[in-house]
Amino acid sequence: MTDEKLVAKAIEMRKFSYAPYSQFAVGATLLCEDGTVFTGCNVENAAYGSTICAERTALVKAVSEGCTTGWVTLAIAGSGEDFCWPCGACRQMLYEFAPKLRVLAVNQHGQFQQASLSQLLPMGFGPASLE
Ligand code: THU
């Protein structure tokens, strides 16, 4: 799948966002090497800290369906002027499964920029760190 299609699907996923507190809708798509795409949106909560980000929703969906390897590209579509890079907690969660993941950060206009997770989280703590 092309980056453009993955980004378009992430933008589409914003429509499912539950963000009554921040009004900041986010959609995410996670592409795996076999072509499978896991999707997500942010889901907020009255207990604000219980909120889950769009990309972590996609991550949890992938893992809970048995897909823990072969993650290639993650697109995150925010609804602001800025490109929507993953928060620190999401970077850490992603690092566990895909330290070399490509990340596409999308803004409200559908423009996007690319970075690797290793750029976003250098010298990360992962499974190997526990050995
Ligand atoms: N959010 C995401 O879903 N992904 C990000 O990368 C940044 C932040 C969500 C969390 C919260 O629902 C809203 O955006 C505002 O922080």
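When reading the values below, keep in mind they use all heavy atoms of this one structure, side chains included, and skip hydrogens, waters and symmetry mates. We count ligands from 1, going down the list as the structure has it; atoms in each ligand are counted the same way.
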Where T51 and N45 come nearest, the two heavy atoms and their spacing = OG1-N, 3.4 Å
With atoms numbered from 1 as shown, which atoms in ligand 1 lie under 4.0 angstrom from a non-hydrogen atom of C84?
-> 5 (C), 6 (O)
Exactly one of C84, C87, C41, P86 clears side chain to side chain contact (heavy atoms under 4.5 Å, CB included) with C53, and that residue is C87
Counting heavy atoms only, which part of A19 comes closer than 4.0 Å to ligand 1: side chain, backbone, both or neither?
-> neither
Would you please test N42 and Y18 for side chain to side chain contact (heavy atoms under 4.5 Å, CB included) and show each step?
-> CA-CA 6 Å; N42 56 331; Y18 178 76; over 6 Å; no
Nearest protein heavy atom to atom 12 (O) of ligand 1: under 4.0 Å?
-> yes
For the residue pair F16 and T39, establish whether any side-chain heavy-atom pair is separated by less than 4.5 Å.
-> no
Under a 4.0 Å heavy-atom limit, does Y21 contact ligand 1 with its side chain, its backbone, both, or neither?
-> neither
Using distance alone, determine whether E55 and ligand 1 share an N or O pair under 3.5 Å.
-> yes
Return the residue, atom name and 0.1 Å-rounded distance of the protein heavy atom closest to atom 8 (C) of ligand 1.
-> C53 SG, 4.1 Å
Under 3.5 Å donor-acceptor, S118 side chain and K100 backbone | no
Rounded to the nearest 0.5 Å, what's the gap from CH2 on W71 to CG on L117? Could you check?
-> 10.5 Å
For S22, atoms of ligand 1 separated by under 4.0 Å from a heavy atom | 13 (C), 15 (C)
Counting only heavy atoms, which portion of P86 has something under 4.0 Å from ligand 1: side chain, backbone, both, or neither?
-> backbone
Note, L6 side chain near V37 side chain (heavy atom, < 4.5 Å) = yes
Ligand 1 atoms nearer than 4.0 angstrom to some heavy atom of E44 are 11 (C), 12 (O), 13 (C)
Is there a donor-acceptor contact under 3.5 Å from the side chain of T36 to the main chain of C32?
-> no
Any idea which atoms of ligand 1 are less than 4.0 Å away from a heavy-atom of V26?
-> 1 (N), 2 (C), 3 (O), 4 (N), 9 (C), 14 (O)
For atom 9 (C) of ligand 1, find the nearest protein heavy atom and state the residue, atom name and distance (0.1 Å precision).
-> N42 ND2, 3.6 Å
Polar atom proximity, A54 to ligand 1 (N or O, under 3.5 Å) | yes
Ignoring hydrogens and geometry, is there a side-chain-to-backbone donor-acceptor pair from N107 to G110 under 3.5 Å?
-> yes
Which residue holds the protein heavy atom closest to atom 14 (O) of ligand 1, what is that atom called, and what is the gap in Å?
-> F24 CD2, 3.5 Å
